2 protein chains.
Amino acid sequence: MKRINTTHFAILGLLRIKPMSAYELVKFSKESIGLFWNESYGHIHKSIKNLETEGDVEIVEESATGRKKIVYGVTAQGRERLDSWLTLPPEESVMRNELLMKIFVSEEHQIPQLVDFLQAELASAEELTAVLAGIKASIPAGADRQSRLWLLTLDYGERYLQMTIDWCRHALDTLNQSNEEG
Amino acid sequence: MKRINTTHFAILGLLRIKPMSAYELVKFSKESIGLFWNESYGHIHKSIKNLETEGDVEIVEESATGRKKIVYGVTAQGRERLDSWLTLPPEESVMRNELLMKIFVSEEHQIPQLVDFLQAELASAEELTAVLAGIKASIPAGADRQSRLWLLTLDYGERYLQMTIDWCRHALDTLNQSNEEG
DNA sequence: ACATAATATATCTTTCGGATATATAATAAA
DNA sequence: TTTATTATATATCCGAAAGATATATTATGT
């Protein structure tokens, strides 16, 4: 079975929302779906060129004067391909959580450094929660259907971060206890 | 800055728990840290050979007769490198959740297929929860310090799945409502 | 007896990540 | 005012990672 370049479809999906340059696309991707969908600049850049060659995206605006900037948009063919891909059941989600992996392979004498990592993780999750709250506040209350879907992904982010915070606190409690017990 | 092959250290960490063949290693990885740490066979196979060349792992057992099987173990040098890597702060966790991405880039008329995907996701999270419960029951109550670390990662898995289940139910409620409203 | 599933190693290609180079415009600091 | 830094912007390279596939043996189920 031929492997699917999912980055292709992520790009089509985001460009359908609004035409963007590669640079803007990377930024928008990070700010909108970045919490649960990782994309790298190198890969996006390569993919967007492939998509252009295949006729799924096209240049809709190019500033010849001043700072160069190439804005891409989705073609009719690209829209069709995207919709067709969206009907396929999603692949299982993959995660690479280095903190969790380190905890699993650590030994007892390494617990103090794990505590440091957990505190940092807790702090960063709390910070991000505040950022999400700000984003949520900026979405109008009388949400149309499209923003209802976005709110669902935002809600996932909030729950994910809260789960992380709760677990970090639990882990810190546990590790501090076992430290005292010696 | 030179990039780090984290698979190398995941392998060292797991092989330190017990010597294994490449095949067993992949299985063990999936069953122990698979929920939050993704590894592929192709990459593990290549990495284990690199590690052998560099002297971080060694063959500890090889069945010449019958079915061929090569069991690897961590060398003293490998243990040192692992411990040194464990002191570094973990990289930010990365995720690729295709379901969430599809929800973000979908349009209103695609909501019915999203409902199907959410139901499948809910069912699979519920199944996995049962599997984790079985694993937890098999760990003795008077846990030593090592298994206390493992319990923490298991606890993370439980919370992650519960969060997923709660969110799926919320999403299904929301989408069914907006369907009725038309 | 036969088919199927589990065990086991090996290889190949494509996808993906991220470091780095280069250049311009806007902003902050000296 | 000049200088330094940050944000915007494209492009390329290479190593890490994913996963499809080939091959062979040993259990297990029908």
Side-chain angles (χ1 to χ4, degrees), chain A residues 1-12 19-31 33-34 37-54 57 59 61-72 85 90-98 101, chain B residues 1-12 19-31 33-34 36-54 57 59 61-72 85 91-98 101:
Chain A
M1 210 194 303
K2 211 197 156 197
R3 278 167 70 198
I4 290 172
N5 184 331
T6 39
T7 298
H8 278 15
F9 297 104
I11 291 174
L12 290 177
M20 284 174 279
S21 69
Y23 181 83
E24 291 167 327
L25 185 58
V26 172
K27 245 185 85 179
F28 183 65
S29 171
K30 268 208 191 93
E31 286 164 2
I33 56 177
W37 186 261
N38 199 261
E39 281 294 355
S40 66
Y41 182 73
H43 195 39
I44 283 191
H45 190 268
K46 204 183 168 190
S47 296
I48 215 168
K49 301 239 149 184
N50 292 151
L51 285 168
E52 201 198 345
T53 310
E54 289 168 19
V57 306
I59 298 174
E61 192 191 318
E62 195 166 3
S63 63
T65 62
R67 179 189 298 181
K68 63 181 167 182
K69 180 177 169 182
I70 307 161
V71 178
Y72 297 92
W85 176 77
E91 292 294 312
E92 254 187 61
S93 108
V94 294
M95 205 198 273
R96 278 207 149 198
N97 189 320
E98 203 174 291
M101 191 262 272
Chain B
M1 207 195 303
K2 211 198 155 195
R3 279 167 69 198
I4 291 173
N5 184 331
T6 39
T7 298
H8 278 16
F9 297 104
I11 291 174
L12 290 178
M20 284 174 279
S21 70
Y23 181 82
E24 289 167 328
L25 185 58
V26 172
K27 246 185 84 179
F28 184 64
S29 171
K30 268 209 190 92
E31 287 165 3
I33 56 178
F36 50 79
W37 187 260
N38 200 261
E39 282 294 355
S40 66
Y41 182 74
H43 196 38
I44 282 191
H45 190 269
K46 204 183 168 189
S47 296
I48 215 168
K49 301 238 148 183
N50 292 152
L51 285 169
E52 201 197 344
T53 310
E54 289 167 21
V57 306
I59 298 175
E61 192 192 317
E62 195 167 3
S63 63
T65 61
R67 178 189 298 182
K68 61 181 169 183
K69 181 176 169 181
I70 307 162
V71 178
Y72 296 92
W85 177 76
E91 291 294 313
E92 253 188 61
S93 110
V94 294
M95 205 198 274
R96 278 206 147 199
N97 190 321
E98 204 174 291
M101 191 263 270

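This structure is a prediction, so every number in the text was calculated from the model and none was measured. Quick note on labels: first sequence line is chain A, next is B, and so on, each numbered from 1.
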Between residues 45-53 of chain B and DNA chain C, which residues have a heavy-atom gap below 4.0 Å?
B:His45, B:Lys49
Would you say C:dG17 has OP1 or OP2 under 4.0 Å from some side-chain N or O of B:Arg3?
no
N or O in side chain of B:Tyr23 less than 4.0 angstrom from C:dT7 OP1/OP2
yes
Quickly work out the B:Asn38 CG to C:dC16 P distance and round it to whole Å.
13 Å
Give a yes/no on whether any side-chain N or O of A:Tyr41 is located under 4.0 angstrom from OP1 or OP2 of C:dG18.
no
Just N and O in the side chain of B:Thr6: are any of them under 4.0 Å from OP1 or OP2 of C:dG17?
no
Integer-rounded Å distance: D:dA17 P and A:Ile4 CD1:
23 Å
For the pair A:Glu39 and A:Lys30, find out whether any cationic side-chain nitrogen is under 4.0 Å from an anionic carboxylate oxygen.
no
For the atom pair CG (B:Leu51) and CD1 (B:Ile11), what is the distance rounded to the nearest 0.5 Å?
5.5 Å
Kindly say if A:Asn5 contacts the phosphate of C:dC16, meaning a side-chain N or O under 4.0 Å from OP1 or OP2.
yes
OP1, OP2 of C:dC16 versus side-chain N and O of A:Ser40: anything below 4.0 Å?
no
Has B:Lys69 got a side-chain N or O lying under 4.0 Å from the OP1 or OP2 atom of C:dT7?
no
Rounded to whole Å, the CD1-P distance (A:Ile44 to C:dG17) equals 9 Å
Does a side-chain heavy-atom distance below 4.5 Å link A:Glu91 with B:Arg96?
no
CZ (A:Phe9) and CD (B:Glu98) are apart, to the nearest 0.5 Å, by 9.5 Å
Residues at least two apart in sequence or cross-chain that pass side-chain contact (heavy atoms from CB on, under 4.5 Å) with B:Glu92, listed by chain then number, are none
Please report the distance, rounded to the nearest Å, between CD in B:Glu98 and P in C:dT15.
14 Å
Counterpart residues, salt bridge (charged side-chain N to carboxylate O under 4.0 Å, His left out), relative to A:Glu54 (two or more places apart):
A:Arg81
How bent is the helix from C:dA1-D:dT30 to C:dA30-D:dT1, measuring the angle between the end axes built from five pairs each, rounded to 10°?
40°
Does A:His8 or B:Glu24 map to a spot on DNA chain C nearer the 5' end, using the closest nucleotide for each?
B:Glu24
Please report the distance, rounded to the nearest Å, between CD in B:Glu31 and P in C:dA6.
12 Å
With rounding to the nearest 0.5 Å, note down the distance linking CD1 in B:Ile44 to CG in B:Leu25.
4.5 Å
Rounding to a whole Å, what distance do you find between B:Lys27:NZ and C:dT9:P?
12 Å
Integer-rounded Å distance: C:dG17 P and A:His43 NE2:
7 Å
Measuring from A:Glu24:CD to A:Glu31:CD, what's the distance to the nearest 0.5 Å?
11.0 Å
If the condition is ring-ring contact (aromatic ring centres under 6.0 Å, His included), which residues does B:Tyr41 pass it with, not counting sequence neighbours?
B:His45
Separation of atom CE in A:Met95 from atom C1' in D:dA18, rounded to whole Å
18 Å
Measure from the side-chain heavy atoms of B:Arg96 and tell me the nearest of C:dG17, D:dA18, C:dA8.
C:dG17
Can you list everything that forms a side-chain hydrogen bond (donor to acceptor under 3.5 Å, both in side chains) with B:Ser93? Sequence neighbours excluded, please.
none
